[in-house]
Amino acid sequence: MPDLDVREQLEVELAGLDALVSDRRLTVLFVTHNVREAARLGDRIVIMSPRPGRVTAEIAVDIERPRRIDQPAVSALAAEVTDRLREEVLVHARA
């Protein structure tokens with residue numbers, strides 16, 4: 001199965017865990033480099049700096065569930081996160 005198929009299946013399964021996570025008050029840490037994936041699946045997005053890895057921003061995801069990766073709100077949040085990541089890269093490139 002190609003990686004894209006695996007990713008899509010994983011996203012479907014993770015999205016289906018919302019009720020279980022909420023009912024049991026569980027915390028799930030999901031690490032990804034895919035910004036849209038983070039916006040679709042997360043309740044908050046943490047942006048880290050490159051070496052040394054430090055938290056530079058935390059963004060609350062206030063988009064009602066269930067979310068689709070092609071929703072305008074998810075796209076807008078992904079664009080905001082991407083802009084912040086670019087700023088972080090530029091700051092560290094100058095250092």
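In this chain, numbering begins with 1 at the start of the sequence shown.
Looking at L85 and I47, their side chains come closer than 4.5 Å, going by heavy atoms from C-beta outward. At least one side-chain heavy atom of R65 sits under 4.5 Å from a side-chain heavy atom of D43. Side-chain contact between I59 and R44 is absent, with no heavy atoms from C-beta onward closer than 4.5 Å. Looking at heavy atoms from C-beta onward, Q71 lies in side-chain contact with R68 at the 4.5 angstrom threshold. Contact check for V61 versus V74: no side-chain heavy atoms found under the 4.5 Å cut-off.
No chain of hydrophobic side-chain contacts below 4.5 Å, direct or via other Ile, Leu, Val, Met, Phe, Trp or Tyr residues, connects I69 to V35.
Scanning both residues, R36 and S75, for their nearest heavy atoms gives NH1-OG, 2.9 Å. Closest approach of A78 and A39 over heavy atoms only: N-CB, 4.4 Å. Taking each heavy atom of P50 and H92 in turn, the nearest pair found is CD-CD2, 3.5 Å.
Going from atom CZ of R40 over to atom CG of N34 covers 10.5 Å, rounded to the nearest 0.5 Å. Rounding to the nearest 0.5 Å places CD of E88 at 10.5 Å from CZ of R84.
Under the 3.5 Å distance criterion, the side-chain polar atoms of S49 are left unmatched by any main-chain donor or acceptor of T56.
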